[in-house]
Amino acid sequence: MTEQKKSVAEIRERFDNDVDRFSNAETGQTSTVDSALVMDLMQDAIVAVNPAMRRMCDVGCGGGNWSVRVARRVPGLAVTLVDLSAPMLDRASQRVAEAGGHVEARIQGDIREVSLPRAAFDAVVAGAVLHHLRSHDEWLAVAARIFDALVPGGTFWMWDLVRYANPAVQAIQTRRYAGYLVAQGGEEYARRIFELIEQDDTPETTEFIVKTLQEAGFSEVEIIHKNTVFCALYARKR
């Protein structure tokens, strides 16, 4: 149940103490399946779909992996970083500058509560963050906030934990994900990741996410990669 999940303050404290795990632009967050593959795919797609892009917002930026990747391809990219954790913002700001980007703004706070400038960004990215949203109303409000922050023709890119509506399919995919985690770090590592998911996360189905983005006004909503309990998709603001 949602009320059993950790509070925003508790999640922030965990992230404050876990910066290194979210600060590798080559591997990404290895607790997510296909992390490096998806980072390669999405960095290429973001640049290809937004060839004249100049400004990007990184929601739940962590150590800045997504912004670093895109800044390497778009010299002088102006980035707005959003994260709960000040240490994450510090690390991301440093790394974006080293990659040739410019940190235009850094916003510490929950995406459910922060203000973003209207019609300001060519692209918004959200890597493994929106699974912290707890309800349809929160999803719709955040999707609408991101939609408003994009210029006409701008795009939203997300990579996140998802669930399946059918319990039998969910059980199969959970077992596959458990096997991946065991191969990455052993039984104890897998147990710890599932414990964190139970404490912190509220994943939704891909159908729910697509419909909610469309409800917020997005068009051209497409899944570009999906494996086990992780999905990458993009949406365009017309």
Side-chain angles (χ1 to χ4, degrees), residues 8-9 11-12 15 22 42-43 45-47 49-50 52-71 74 76-97 99 101-160 202 204 208-221 232-238:
V8 172
I11 293 172
R12 180 189 297 114
F15 288 152
F22 296 89
M42 289 182 68
Q43 76 169 24
I46 289 168
V47 174
V49 173
N50 304 274
M53 72 178 298
R54 292 295 178 266
R55 302 177 78 197
M56 187 178 86
C57 180
D58 192 343
V59 174
C61 65
N65 290 338
W66 294 98
S67 293
V68 166
R69 284 282 192 126
V70 180
V74 183
L77 179 71
V79 180
T80 291
L81 301 169
V82 181
D83 204 275
L84 282 175
S85 168
M88 291 284 194
L89 288 168
D90 290 341
R91 180 69 62 84
S93 297
Q94 175 188 353
R95 296 175 68 225
V96 169
H102 163 64
V103 178
E104 186 172 38
R106 39 180 288 168
I107 303 171
Q108 184 182 359
D110 190 321
I111 188 56
R112 288 168 287 202
E113 299 174 352
V114 303
S115 295
L116 297 176
R118 297 196 68 184
F121 305 110
D122 302 297
V124 175
V125 298
V129 61
L130 298 188
H131 58 263
H132 292 299
L133 301 179
R134 305 301 191 204
S135 67
H136 170 262
D137 287 347
E138 289 188 358
W139 268 94
L140 184 57
V142 168
R145 181 169 294 135
I146 291 170
F147 182 88
D148 286 345
L150 286 164
V151 300
T155 50
F156 172 53
W157 306 80
M158 67 171 286
W159 164 240
D160 222 321
T202 316
E204 291 289 353
F208 170 95
I209 295 168
V210 169
K211 286 183 176 180
T212 304
L213 291 174
Q214 291 171 333
E215 189 177 351
F218 284 101
S219 61
E220 198 179 310
V221 182
L233 58 78
Y234 83 94
R236 184 186 292 275
K237 177 178 180 176
R238 289 296 187 191

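Here the structure is a predicted model, which means the values were calculated and not measured.
Between the CG atom in Asp160 and the NE2 atom in His132 there is a gap of 8.0 Å [rounded to 0.5 Å]. Between the CG atom in Leu130 and the CE atom in Met158 there is a gap of 5.0 Å [rounded to 0.5 Å]. To the nearest 0.5 Å, the span separating CD on Glu220 from CZ on Phe156 amounts to 14.5 Å. Distance check, rounded to the nearest 0.5 Å: CG of Leu133 to CD1 of Ile111 gives 9.0 Å. A distance of 14.0 Å separates CZ in Arg54 from NE2 in His102, rounded to the nearest 0.5 Å. Separating the OG atom in Ser115 from the CG atom in Asp148 is a distance of 11.0 Å, to the nearest 0.5 Å.
Arg95 places no side-chain N or O within 3.5 Å of a backbone atom of Val68 that could act as its donor or acceptor partner. Side-chain atoms of Gln108 come within 3.5 Å of backbone N or O of Leu84 as a donor-acceptor pair. The main-chain N or O of Phe147 is found under 3.5 Å from a side-chain atom of Lys237 such that the two form a donor-acceptor pair.
Judged as a side chain to side chain contact (heavy atoms under 4.5 Å, CB included), and not counting sequence neighbours, the contacts of Val221 are Val210, Leu213, Gln214, Phe218, Ala235. Legend: residues meeting side chain to side chain donor-acceptor pair (under 3.5 Å) with Thr155, ordered by chain and number and at least two apart, are Asn50, Trp157. Residues satisfying the side chain to side chain contact (heavy atoms under 4.5 Å, CB included) test with Thr212, not counting sequence neighbours, are His136, Trp139, Leu140, Phe208. A search for side chain to side chain donor-acceptor pair (under 3.5 Å) contacts involving Asp122 returns nothing, not counting sequence neighbours. The salt bridge (Lys or Arg N to Asp or Glu O under 4.0 Å) test applied to Arg112 returns Asp110, Glu138, not counting sequence neighbours. Under the rule for a salt bridge (Lys or Arg N to Asp or Glu O under 4.0 Å), Arg145 has no partner lying at least two apart in sequence or in another chain.
Closest of all the heavy-atom pairs between Leu81 and Ser93 is CD1-OG, 3.6 Å. Residues Gly109 and Val82 come closest through the heavy atom pair O-CG1, 4.1 Å. The shortest heavy-atom contact between Arg236 and Gly153 is NH1-O, 3.0 Å. Pairing each heavy atom of Ala119 with each of Val151, the nearest pair is O-CG1, 3.4 Å. Taking all atoms of both residues into account, the shortest heavy-atom contact from Ser219 to Arg238 is OG-CG, 2.8 Å. Closest non-hydrogen pair, Val96 versus Ser67, comes out as CG2-CB, 3.6 Å.
Residues Met56 and Phe121 fail the side-chain proximity criterion, which asks for heavy atoms closer than 4.5 Å. Looking at Trp66 and Met42, their side chains come closer than 4.5 Å, going by heavy atoms from C-beta outward.
We find that Asp83 and Arg106 are not joined by a salt bridge, their nearest charged nitrogen and carboxylate oxygen being 4.0 Å or further apart.
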